[in-house]
Amino acid sequence: MKKINLLNLDRCSMQKFFLSLGERKFIADQIMFWIYKKFCLNFFLMKNISKKLRNKLFNLTKIKLPKKKYIKYSIDGVIKWTLNVNNDLIETVYIPELNRKTLCISTQVGCSLGCSFCATGKMGFKRNLKVSEIIGQILFVIFYFKNKNTAIVNNYITNIVFMGMGEPLLNFKNVVTSIKIMLDNYGFSFSKRKIVLSTSGIVPSIYKLINYIDIRLTLSLHAPNDILRSKIMPINNKYHIHDILKAMYDYIEYSKSNKGKLNIEYIMLNKINDSYKCANQLINLLKNFSVKINLIPYNFINGVFYTKSSLNRILNFSNFLKRNKIFSFIRKIRGFDINASCGQLYK
Ligand code: SAH
Ligand code: SF4
């Protein structure tokens, strides 16, 4: 019989699982405590679990993490792992800063949306990641640091961003379950303000998310009008800017994590979307929102004809927005030397 990977279960499903074994449901809390608080993956070391149940768990279940295929270290401190998940390869990126340590995780093997500037998009879509493969990326990295003994256990990772390979909202169920485990007090206990989900704007999933989870949501807008956006992001032929913004606004109204702010990512592609005209359209588009824009300098992708906007053009764009009361930040490029920057993840 195939063993169940306990990393696929949030607390509610784990409680149901233990009830189905004829056990009491609080065993779920104990097991989660061992896994996510004590980082103990060996049933036989879980002292407050009866011997009989430990044996049962050993026979029926497993706790299986992704396996390391490659690791790369950037000169700026970023670490990128290529992980083997059930024979597929994905990438996970660790981005240390002074006051936070962010893990950028993947949700799919590849991506079906084919944005013209993105390496993941170029590789096409293979499959959705399971909950255990999403959660497993975090545990894997915690174990990496734990084995190195480099920091205090709970501070290895302070923030999670869903900005790795794939479109998180197209793997809705598993992403939501993973976030539940991240937020759970018996899970990783992350605060909801510390989890950021980036989406290209899957309208029905944004509305659906309202009923499930409150986290920080950010929109990869990248263009100020539908004609240009459809050219660089084919998904815009299905969901148009106006409808995406309406859905985002509804989510933000509901959510506490976003503090009423619409978060936008805007890639800076030289002479494609970085003109004054584009900035002006962006201002008109967003004038009714309280908004924060992250300007992302384009990262070079093999076989793609775009070039990066010069710093001068980015600053002009940013200043023009500012004069019109829209605040933007220029995202620092991290991990470029090991192809770990936004959009460079590819296997
Ligand atoms: N699929 C989701 C999340 C993963 S991509 C999304 O698209 O939002 C994370 C961010 O990197 C997105 O804003 C994406 O548009 C951006 N990105 C993709 N390719 C890039 C590139 N070559 N240079 C800079 N940013 C890129
Ligand atoms: Fe997919 Fe995001 Fe890349 Fe677009 S930018 S192809 S949605 S991973």
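Remember, it's 1-based here, ligands and their atoms both numbered in the order they're listed. Numbers for residues simply follow the sequence, beginning at 1.
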Taking atom types as modelled and ignoring hydrogens, do the side chains of Thr177 and Asn174 form a donor-acceptor contact shorter than 3.5 angstrom? no
Among Ser198, Ser205, Ser200, exactly one meets side-chain hydrogen bond (donor to acceptor under 3.5 Å, both in side chains) together with Glu167. Which residue is that? Ser200
For [atom], the protein heavy atom that lies nearest, with its residue and separation:
{"atom": "atom 12 (C) of ligand 1", "value": "Ser220 OG, 3.3 Å"}
{"atom": "atom 2 (Fe) of ligand 2", "value": "Gly166 O, 4.5 Å"}
{"atom": "atom 4 (Fe) of ligand 2", "value": "Cys115 SG, 2.3 Å"}
{"atom": "atom 3 (Fe) of ligand 2", "value": "Cys118 SG, 2.4 Å"}

What do the steps show when you test Tyr156 against Tyr144 for ring-ring contact (aromatic ring centres under 6.0 Å, His included), and what is the final call? CA-CA 10 Å; Tyr156 292 141; Tyr144 167 86; 9.3 Å; no
Considering [options], which one's heavy-atom position lies nearest to [atom]?
{"atom": "atom 4 (C) of ligand 1", "options": "Gly164, Ser198, Cys115", "value": "Gly164"}
{"atom": "atom 1 (N) of ligand 1", "options": "Ser200, Gly166, Cys104, Pro297", "value": "Gly166"}
{"atom": "atom 15 (O) of ligand 1", "options": "Met268, Lys308, His222, Glu265", "value": "His222"}

Please could you name the atoms of ligand 2 that Cys111 approaches to less than 4.0 Å, counting only its heavy atoms? 1 (Fe), 6 (S), 7 (S), 8 (S)
In ligand 2, which numbered atoms sit nearer than 4.0 Å to a non-hydrogen atom of Gly121? 6 (S)
Side chain, backbone, both or neither: which part of Ile296 comes within less than 4.0 Å of ligand 1 when only heavy atoms are counted? side chain
Is a salt bridge present between Glu265 and Arg331, judged by a nitrogen-to-oxygen distance below 4.0 Å? yes
Is there a path of hydrophobic side-chain contacts, each under 4.5 Å between heavy atoms, that joins Leu103 and Phe140? yes
